[in-house]
Amino acid sequence: MIGSGLKVTNYCAIFAARIKEMEKLLRSGIREAVRSLYGVNANDDLLQIQKTRREFEGDFTLVAFPLARLSHRSPEQTAGEIGEYLVREIDAIDGYNVIKGFLNLVIAPAEWSRRLDAMHADDAYGFAGAGPDAETVIIEYSSPNTNKPLHLGHIRNNLLGWSLARICSAAGKKVIRTNIVNDRGIHICKSMLAWQLYGNGRTPATEGKKGDHFVGDYYVLFEQKLKEQIKPLVDAGTSPEEARENAPLMQEARQLLKKWEEGDRETLELWQMMNSWVYEGFDVTYRALGVEFDRIYYESDTYKVGKEIVLRSLEEGHLIRKDDGSVWIDLTADKLDMKLLLRSDGTAVYMTQDLGTAVLRYNDYHFDRHIYVVGNEQNYHFQVLALTLLRMGFEWAKGLHHFSYGMVELPEGKMKSREGTVVDADDLIAGMTATATTMSQELGKLGGYSTGERENICRQIGLGALKYFILKVDPKKNMTFNPKESIDFNGNTGPFIQYTYARIRSVMKKAEEMGVRSVSDRNEKIIPNPKEISVISLLNDFHLLVPEAARELSPALIANYCYDLAREFNQFYHDYSILGEENESLRSFRLRLSELTGRVLEKGLFLLGIEAPERM
RNA sequence: GGUUCCGUAGCUCAGUUGGAUAGAGCAACAGCCUUCUAAGCUGUGGGUCGAGCGUUCGAGUCGCUCCGGAAUCACCA
């Protein structure tokens with residue numbers, strides 16, 4: 001047997017260093033081959049190496065077409081000659097075949113087994129630590145208004161932001177998760193006014209209601225009452241826009257906003273009280289979704305900074321003041337428009353506070369990159385924001401990046417609050433958990449567990465289904481959510497991946513009971529079968545996948561990878577016995593393969609913000 | 001009208017810097033539990049990759065034109 005665990009690790013680390021560079025090894029080998037065979041140096045972008053497609057024999061494929069130019073031979077002949085050379089010169093390459101100019105290379109199966117050991121020995125496999133000179137990335141997400149509870153659109157936003165933060169961290173960046181709360185403005189004044197008029201002192205506590213829903217109800221009530229006031233005016237011949245502006249309720253709301261901006265104590269107290277109700281409600285939703293922030297900014301603070309910056313920039317001559325006193329930036333030279341930065345009455349607009357927030361954050365963190373997770377309806381806004389900051393002389397604004405994602409739509413189209421089709425976040429989360437519970441019962445799972453354990457597992461599964469459903473699709477595309485057909489738990493879903501993980505955990509527990517060890521024995525030579533090799537090969541992709549996902553800012557890449565890995569493992573699991581294998585070394589090897597798959601699935605799910613249940 | 005994004009199987013979606021015969025899941029049908037969890041595995045059918053032209057040895061992927069859809073172009077946020 002083996003001496004100490006430490007020795008095993010060292011032994012494996014050597015191979016980790018060597019085999020991690022498997023693709024590099026191939027590259028240098030091919031470059032060498034080209035030099036030796038044709039007497040020329042192959043430019044790196046001519047060496048196109050990819051994984052061999054399933055239907056052909058081999059592990060890696062070199063596309064020989066580009067090299068045919070150097071060899072002055074047909075792609076087929078070039079591929080054949082290079083293949084010949086590689087098999088002769090590189091131990092790890094066992095064989096090759098050529099099909100239509102594609103050189104398929106077969107890696108020695110034993111090499112895969114060594115690669116597995118190397119990955120298995122590395123607890124941090126796939127995740128990079130943040131070094132002292134790591135890039136600092138701010139990720140802003142969520143960004144709610146304080147007049148309404150969160151809905152499905154916010155869920156997509158929060159899940160994307162949270163996952164991006166984890167992916168960037170795993171890729172070795174220093175990440176600051178932040179939120180900007182739109183806590184001031186006419187919208188919250190509407191809720192405040194409605195509560196003053198019709199609330200009769202009710203509170204979330206007296207009504208037994210979540211604070212955000214409670215306040216949201218008054219916002220809806222305001223709009224209802226306003227509509228009642230508008231109707232007679234319109235009937236009397238006023239235009240709808242004018243009627244809306246002139247309705248007494250609207251006037252009162254504006255007055256309340258004015259009082260707020262003047263710092264009226266009573267108004268501020270009401271504002272604070274109602275916002276605190278909303279925050280309590282948001283906290284519950286955030287906790288249910290499993291998202292957190294390192295730092296929260298409030299528009300009520302940042303809009304002042306924004307105003308100062310605009311005024312200073314005006315003095316510096318970057319901006320224009322019109323006759324009515326309003327302040328603008330002229331972006332027509334960049335094919336954009338004139339953009340308002342301060343109203344004629346001196347008050348701030350949306351852009352003003354975003355300018356302030358950006359500057360505050362730069363002063364706070366000196367970020368290299370600032371990622372805004374905000375829907376694609378604001379593409380124009382963020383174009384203007386970055387350009388305006390640059391014009392104002394803030395060079396760091398080059399690091400601003402709008403992570404623009406698509407809308408979540410219903411089969412009938414957009415969610416509309418007027419038609420009551422908005423999918424509430426809390427309802428949806430509760431619904432998913434309920435579905436998971438029903439399904440679990442129908443399948444006869446989770447017998448013998450306590451109620452608390454059962455509830456927790458069903459919660460994990462329900463949320464896993466929801467999160468995966470949302471994160472697996474390309475963020476920039478609009479996506480459809482059909483509330484009638486509940487989200488699936490079979491096939492390409494979160495629970496499928498969770499289930500694969502739970503099965504592996506179950507095997508691990510049983511292995512422990514049986515006393516089967518997963519450590520490798522360096523004296524044994526394992527020749528993995530093709531199914532095992534496909535799993536190892538996928539596991540090997542993971543260390544390249546994480547930086548790739550960080551570069552592309554793509555949780556979908558991680559999600560789809562997890563699915564592929566789980567599917568591949570399930571086939572292996574189905575076809576071969578792990579603990580039932582009689583050959584001791586092979587049994588241990590399969591256990592390592594399973595354990596590492598479990599760890600990688602867990603990490604992948606972690607990057608998506610999905611919990612991995614030990615059993616289900 | 002300007003700008004940006006999207007269009008792949010009945011439905012929901014993948015498809016790496018352009019590479020081989022475009023892939024999954026759902027739904028439908030047919031199988032597989034005495035064996036490590038059947039939320040699993042296997043098989044069958046299903047496609048003019050919106051249309052056309054171009055670049056290329058090679059285009060779902062790049063360019064242009066058109067068709068269809070979405071967003072945006074507020075002294076709203």
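Below, chain A is the first sequence line, B the second, and so on; all start at residue 1.
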Atom CE of A/Met407 to atom C1' of B/U72: distance rounded to whole Å?
-> 11 Å
State whether a side-chain donor-acceptor pair under 3.5 Å links A/Asn147 with A/Ser191.
-> no
Could you tell me the separation between the CG atom of A/Leu385 and the C1' atom of B/A77, rounded to a whole number of Å?
-> 14 Å
Heavy-atom neighbours of A/Gln251 CD exceed 12 at 6.0 Å = yes
For A/Asp345 and for A/Thr61, find the nucleotide of RNA chain B with the closest heavy atom, then tell me which residue's nucleotide is more 5'.
-> A/Thr61
Remember a base hit wins even if backbone is also touched, and classify A/Arg551 as base, sugar-phosphate or nothing at under 4.0 Å, heavy atoms.
-> nothing
State the syn/anti category of B/C41 according to its glycosidic angle, syn meaning within 90° of 0.
-> anti
Whole-Å distance between B/A70 C1' and A/Met415 CE?
-> 15 Å
Please indicate whether A/Gln255 has more than 12 foreign heavy atoms, meaning atoms of other residues, nucleotides or ligands, lying under 6.0 Å from its CD.
-> no
Heavy-atom donor-acceptor pair, A/Asp354 side-chain to B/A77 base, under 3.5 Å | no
Sticking with atom C1', work out how far B/C41 lies from B/C33, rounded to a whole angstrom.
-> 11 Å
Nucleic acid contacts - residues 144-157 of chain A versus RNA chain B, non-hydrogen atoms under 4.0 Å = A/Asn145
Can you check the A/Glu409 CD to B/A71 P distance for me, whole Å?
-> 7 Å
Salt-bridge criterion met for A/Arg505 and A/Glu614 (N-O under 4.0 Å) | yes
Give A/Tyr563 one of three labels, base, sugar-phosphate or nothing, depending on what nucleic acid heavy atoms sit under 4.0 Å from its own.
-> sugar-phosphate
Nearest-angstrom distance, C1' atom, B/U48 to B/G43 | 28 Å
Does the gap between the ring centers of A/Tyr372 and A/Phe382 come in under 6.0 Å?
-> yes
Looking at A/Glu611 and A/Lys467, does any basic side-chain N land under 4.0 Å from a carboxylate oxygen?
-> no
Protein-proximity profile, nucleotides 32-42 of chain B, B/S/- by nucleotide at the 4.0 Å heavy-atom cutoff, equals ----BBSBSSS
Determine the interatomic distance between C1' on B/A14 and the same-named atom on B/C76; round to the nearest Å.
-> 38 Å
Across the strands shown, which category fits A/Asp541 at heavy-atom distances under 4.0 angstrom: base, sugar-phosphate, nothing?
-> nothing
Which residues satisfy the salt bridge (Lys or Arg N to Asp or Glu O under 4.0 Å) test with A/Asp44, sequence neighbours excluded?
-> A/Arg27, A/Arg31
Expected string for nucleotides 4-17 of chain B under the B/S/- scheme (protein heavy atoms, under 4.0 Å, primed atoms plus P, OP1, OP2 as sugar-phosphate) is SSSS-----SS---
For A/Leu340 and B/C73, give me the distance from atom CG to atom P, rounded to whole Å.
-> 13 Å
For B/C5 versus B/G10, give the span between their C1' atoms, rounded off to a whole number of Å.
-> 26 Å
A/Glu582 atom CD, neighbour heavy-atom count above 12 within 6.0 Å = no
P-based separation of B/U42 from B/C26 [nearest Å] | 11 Å
Among side-chain atoms of A/Thr52 and A/Thr61, is any donor-acceptor pair under 3.5 angstrom?
-> yes
CD (A/Glu377) with more than 12 external heavy atoms under 6.0 Å | yes
For A/Arg53 and B/G23, is the shortest distance between a side-chain N/O and OP1 or OP2 below 4.0 Å?
-> yes
Near-parallel close stack of A/Phe65 and B/G19 base (under 5.5 Å, under 30°) = yes
Give the rounded distance in Å between these two atoms: CG of A/Leu67 and P of B/G19.
-> 16 Å
Considering only the C1' atoms, how many Å lie between B/C49 and B/C36, rounded to the nearest integer?
-> 42 Å
C1'-based separation of B/C29 from B/C67 [nearest Å] | 37 Å
Check the distance between B/A71's P and A/His402's NE2 and give it to me in whole angstrom.
-> 15 Å
Salt-bridged, A/Arg343 to A/Asp345, with N to O below 4.0 Å?
-> no
Can you tell me if NZ on A/Lys227 sees more than 12 non-hydrogen neighbours from other groups inside 6.0 Å?
-> no
Distance check: side-chain N/O of A/Arg343 vs OP1/OP2 of B/C76, anything under 4.0 Å?
-> yes
Report, one line per pair, each donor and acceptor closer than 3.5 Å where one atom sits in a side chain of residues 436-446 of chain A; sequence neighbours left out.
residue	atom	partner	partner atom	Å
A/Thr437	OG1	A/Thr433	O	2.7
A/Thr438	OG1	A/Ala434	O	2.9

Do A/Phe569 and A/Phe572 have ring centres separated by under 6.0 Å?
-> yes
With side chain to side chain donor-acceptor pair (under 3.5 Å) as the test, would you mind laying out the steps for A/Asn456 and A/Glu453 before giving the verdict?
-> CA-CA 5 Å; A/Asn456 189 41; A/Glu453 281 176 312; over 6 Å; no
Do A/Ser594 and A/Arg590 get their side chains close enough for a donor-acceptor pair, meaning under 3.5 Å?
-> no
Intra- and interstrand pairs of RNA chain B - dot-bracket, Watson-Crick/G-U under 3.5 Å, | marks other strand = (((((((..((((.....[...)))).(((((.......))))).....(((((..]....))))))))))))....
Whole-Å distance between B/U3 C1' and A/Lys335 NZ?
-> 10 Å
OP1, OP2 of B/C76 versus side-chain N and O of A/Arg244: anything below 4.0 Å?
-> no
Taking atom C1' in both B/U61 and B/U16, compute the distance separating them and give it to the nearest angstrom.
-> 10 Å
